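Labels below follow one simple rule: chain letters A, B, ... track the order of the sequence lines, proteins then strands, and each chain is numbered from 1. This structure is a prediction, so every number in the text was calculated from the model and none was measured.
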Protein chains: 2
Amino acid sequence: MQKQETLTKNQKIILDLIEKSDQPLKAYSILFDVKKKGINAPLQVYRALNKLVKIGKIHKIESRNAFIACKNSKCQIANATIFSICESCEDVTEIHDHKLSEHLRDFKDNKGMKYNKYNLEFFGLCKKCV
Amino acid sequence: MQKQETLTKNQKIILDLIEKSDQPLKAYSILFDVKKKGINAPLQVYRALNKLVKIGKIHKIESRNAFIACKNSKCQIANATIFSICESCEDVTEIHDHKLSEHLRDFKDNKGMKYNKYNLEFFGLCKKCV
DNA sequence: TTAAATATGTTATATTATTACATAGCGTTA
DNA sequence: TAACGCTATGTAATAATATAACATATTTAA
Ligand SMILES: [Zn+2]
Ligand SMILES: [Zn+2]
Ligand SMILES: [Zn+2]
Ligand SMILES: [Zn+2]
């Protein structure tokens, strides 16, 4: 299982931090928080983030340039993500909807594209913000 | 029809440029190109881009920080976008798939979110790059 | 045990986007 | 007309996001 890959020191530090937050964190806010642990430079953060994204431990919220932990232990698929984003309070939730995922996985365009990944972001207002 | 809204000088210059390209353009590449037309500062570009996005004339490709013209005259919906992106040649195509759009439009989560927008990006390899 | 691949640390720099402030134009309406 | 609200403009400065380049260390695998 790819997700149990052993992580390096920096990767662990940064994953820990992201997993403790239920909301997306930005790279430079992560950098600020891990300086006390000896991570000093943006590149150290970005390298860890890129790796963690690649192995599916975290996802990037593209519209927000922020990173959130994947809470779904069953989700092997680092490359098929659906998020719900409240445009008022900025609350982000990962969506796991079997039917929708299936629909997206099975999607074929008419140009012969060979897909291996997708990212879907829904925007709106959450219950609290309506 | 919102799309026929009259545009200002800067907005027209920048929309023209984007419409002439069949591929997404980046803000600072746009800035470079429109300097000869008297647009000198990033903010002038970003202001026009934001407006054009808002009225649906162009879309932002979030994963690429780039902007592409909406070619679909029938598409009133500036806030429901689907793109296909080749990760090798970076070719981007807007997808208009009725069934998929319907599915996304009708999607309801179980948290009571009220959606008003979505953006979906498919990644893979195009015919030429496979 | 050597070579390849991966990770680290550090500095500098590139790229993307916004803040802040001053000014101008345009449509409404008092 | 005059005053107001709204939108757009121009300009300078700066913030926020991300990568290049280089030297070194560590892990993995042949
Ligand atoms: Zn996930
Ligand atoms: Zn909310
Ligand atoms: Zn469109
Ligand atoms: Zn291609």
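Distances shown here put a side-chain N or O of A:T8 below 4.0 Å from the OP1 or OP2 atom of C:dT8. At the phosphate of D:dT9, neither OP1 nor OP2 sits under 4.0 Å from any side-chain N or O atom of B:Q44. Regarding contacts with the backbone of C:dA7, a side-chain N or O of A:K51 is found under 4.0 angstrom from either OP1 or OP2. The side chain of B:N40 places no N or O atom within less than 4.0 Å of a non-bridging phosphate oxygen (OP1 or OP2) of D:dA12. Side-chain nitrogen and oxygen atoms of B:K9 include none within less than 4.0 Å of the OP1 or OP2 phosphate oxygen of D:dT9. For C:dG9, one of the phosphate oxygens OP1 or OP2 lies less than 4.0 angstrom from a side-chain nitrogen or oxygen of A:N10. Between B:N65 and D:dT17 there is no side-chain N or O to OP1 or OP2 distance below 4.0 Å. Taking only side-chain nitrogens and oxygens, B:K60 never comes nearer than 4.0 Å to OP1 or OP2 of C:dT16.
Ring to ring, A:F107 and B:F122 are close: their centroids are under 6.0 angstrom apart. A centroid separation of 6.0 Å or more is found between the aromatic rings of A:F123 and B:Y118.
Residues A:P42 and B:G38 each lie close to DNA chain D; by heavy-atom proximity, the contact nearer the 5' end of the strand is made by B:G38.
Between the base of D:dA15 and the side chain of A:Y28 there is no donor-acceptor pair shorter than 3.5 Å.
Summarising the geometry, the separation between CD1 on A:I13 and C1' on C:dA7 is reported as 13 Å, rounded to the nearest angstrom. Taking atom NZ of residue A:K35 and atom P of nucleotide C:dG9, one finds them 14 Å apart after rounding to whole Å. For the pair A:L31 CG and D:dA15 P, the interatomic distance rounds to 16 Å; values are reported in whole Å. The interatomic distance linking A:E62 (CD) with D:dA16 (C1') rounds to 16 Å, in whole Å. Regarding B:Q11, its CD atom lies at a distance of 6 Å from the P atom of D:dA8, rounded to whole Å.
Picking from D:dT11, C:dA17, D:dA18 the nucleotide with the shortest atom distance to the side chain of A:F67 gives D:dA18.
Donor-acceptor pairing under 3.5 Å is lacking for the side chains of B:E62 and A:S63.
A salt bridge links A:K117 to B:E87: one of the charged nitrogens lies within less than 4.0 Å of a carboxylate oxygen.
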| Does the pair A:K71 and A:E94 meet the rule for a salt bridge (Lys or Arg N to Asp or Glu O under 4.0 Å), with working shown? | CA-CA 8 Å; A:K71 299 287 198 326; A:E94 185 167 2; over 6 Å; no

